[in-house]
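Scroll down for the structure; my scribbles are underneath it.
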Amino acid sequence: MASSTAMEVEEKPSSPRIRPARPGPRAMAATALALSSGHQMPAVGLGVWRMESPAIRGLIHSALRAGYRHFDCAADYQNEAEVGDALAEAFETGLAKREDLFITTKLWNSDHGHVLEACKDSLKKLQLDYLDLYLIHFPVATKHTGVGTTASALGDDGVLDIDTTISLETTWHAMEDLVSKGLVRSIGISNYDIFLTRDILAYAKIKPAVNQIETHPYFQRESLVKFCQKHGICVTAHTPLGGSTANTEWFGSVSCLDDPVIKSLAEKYGKTPAQFVLRWGLQRNTVVIPKTSKVERLEENFAVFDFDISGEDMEKMKALDRNYRTNQPAKFWGIDLYA
């Protein structure tokens, strides 16, 4: 089990379709995790990466009707404005209330020297007064290309143009200022390893509430997950299904959803492989943010609070780890930042 950052919470009346984990000794996952900032983060969210602009309104509204209250965005996804329009309509029509939602977005690499301006730009596009969570998307500053633009500038050698004049510590202190200004409720990091996470704990005045990382059955990263949880940092699993179709298209990766062990275990519990893998993630005390462009999958991915994976089967899952990263931006940047 993880640290005391995880706890079950009573659901608000405005989100009646969010069901708590079944009570009793077998209930191993909570519907929300308590962050070190004092705020609650819903354990299942919807990632909007690669979500096509024309479909965003319908998908966001369908997700709200299905019970989602957590949406994971980023400046780099280039669809904050469309998400903002969908949320504004949801608030206006009474489909959701702002105070019941948890909205995350992220600082792009080229804006490390312009944190305040970048945050305000995202807030404007999302049509929000505050963010529930603002993350440093990657632990690297790159050449500034203008607030609101997220092109990754490459040098003449075809390699990412990294700005070596801005430290991660400087960026973090600018993130902390956003909290004091009331623009952001919680701040966090993304794609940080153990070394960088340890480092930020040493210089942070406000420690990161979240570290969002790629983790799934083929890339379990148990040491990093346990390190974060030991130090009160909630882990959010991006790519919790191993990327599936999206990462196969972009990176040629293999999806864990086709693994025969996972298929067999999912059948045992009467669930789809995706549901089983998401539940596995929840029982590790991680937040999961699957993405989908299909309404039926929205509902499927959210229906993970009505069963528990046994301790024996959780142990079986450990044997599937391949240390296999599926999301590799080196394809676009000409450099492996994880090397």
Side-chain angles (χ1 to χ4, degrees), residues 1-9 21 25-45 72 104 133 135-136 138-139 168 172 186-204 206-243 256 259 261-262 265 276-290 304 308-327 337-338:
M1 294 295 291
S3 70
S4 59
T5 56
M7 60 179 286
E8 294 206 32
V9 296
R26 293 182 64 246
M28 299 291 289
T31 57
L33 301 186
L35 303 180
S36 60
S37 59
H39 298 284
Q40 299 285 342
M41 186 177 190
V44 177
D72 183 81
T104 299
L133 179 64
L135 303 176
I136 297 176
F138 282 94
L168 291 176
W172 185 253
S186 302
I187 50 177
I189 53 182
S190 183
N191 299 304
Y192 274 52
D193 61 14
I194 288 178
F195 294 118
L196 292 174
T197 304
R198 188 226 67 88
D199 204 37
I200 198 171
L201 288 170
Y203 59 70
I206 301 174
K207 76 176 181 181
V210 169
N211 187 8
Q212 184 178 128
I213 61 171
E214 177 180 348
T215 179
H216 47 78
Y218 281 177
F219 196 38
Q220 298 187 21
R221 312 180 80 178
E222 192 71 8
S223 294
L224 176 55
V225 170
K226 286 185 174 179
F227 179 84
C228 289
Q229 293 174 338
K230 178 180 179 179
H231 292 280
I233 300 172
C234 175
V235 174
T236 296
H238 77 66
T239 325
L241 300 175
C256 64
D259 190 283
V261 173
I262 289 175
L265 287 171
F276 180 83
V277 168
L278 292 173
R279 181 68 194 186
W280 170 83
L282 293 176
Q283 288 188 205
R284 299 177 79 206
N285 263 337
T286 63
V287 170
V288 294
I289 48 170
V304 292
D308 302 302
I309 301 172
S310 71
E312 179 183 1
D313 289 338
M314 289 294 289
E315 284 296 315
K316 288 180 181 178
M317 291 293 289
K318 290 182 179 180
L320 300 184
D321 193 7
R322 301 182 180 183
N323 194 31
Y324 181 66
R325 184 187 300 278
T326 69
N327 189 312
L337 295 180
Y338 300 113

Test log, rule side chain to side chain contact (heavy atoms under 4.5 Å, CB included), inputs D321 and E222
CA-CA 10 Å; D321 193 7; E222 192 71 8; 6.0 Å; no
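- Side chain of Q220 to main chain of M317: a donor-acceptor pair is present (N/O by atom type, distance under 3.5 Å, no hydrogens or angles).
- Contact check for P208 versus W172: side-chain heavy atoms found under the 4.5 Å cut-off.
- Using a cutoff of 4.0 Å between basic side-chain nitrogens and carboxylate oxygens, R221 and E214 are not scored as salt-bridged.
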Steps toward side chain to side chain contact (heavy atoms under 4.5 Å, CB included) verdict (Y192, L224):
CA-CA 9 Å; Y192 274 52; L224 176 55; over 6 Å; no
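- Using a 4.5 Å heavy-atom threshold, the side chains of S186 and V210 count as separate.
- Of the listed residues (V225, T286, T239), just one forms a side-chain contact (heavy atoms from CB on, under 4.5 Å) with I213, and that residue is V225.
- Rounding to the nearest 0.5 angstrom, the gap separating the CG atom in N191 from the CG atom in L337 is 9.5 Å.
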Full working for side chain to side chain contact (heavy atoms under 4.5 Å, CB included) between H231 and N211:
CA-CA 11 Å; H231 292 280; N211 187 8; over 6 Å; no
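- S36 places none of its side-chain heavy atoms less than 4.5 Å from the side chain of I233.
- Between the side chain of W280 and the main chain of H216, no donor-acceptor pair closer than 3.5 Å is present.
- Classification of the F138-Y338 ring pair by plane angle, with boundaries at 30° and 60°, yields tilted.
- Closest of all the heavy-atom pairs between P240 and P217 is O-CD, 4.1 Å.
- Residues P139 and I189 have side chains not in contact (no heavy-atom distance under 4.5 Å, counting atoms from C-beta outward).
- At least one test fails for R325 against the ring of F219: distance under 6.0 Å to the centre or angle within 45° of the axis.
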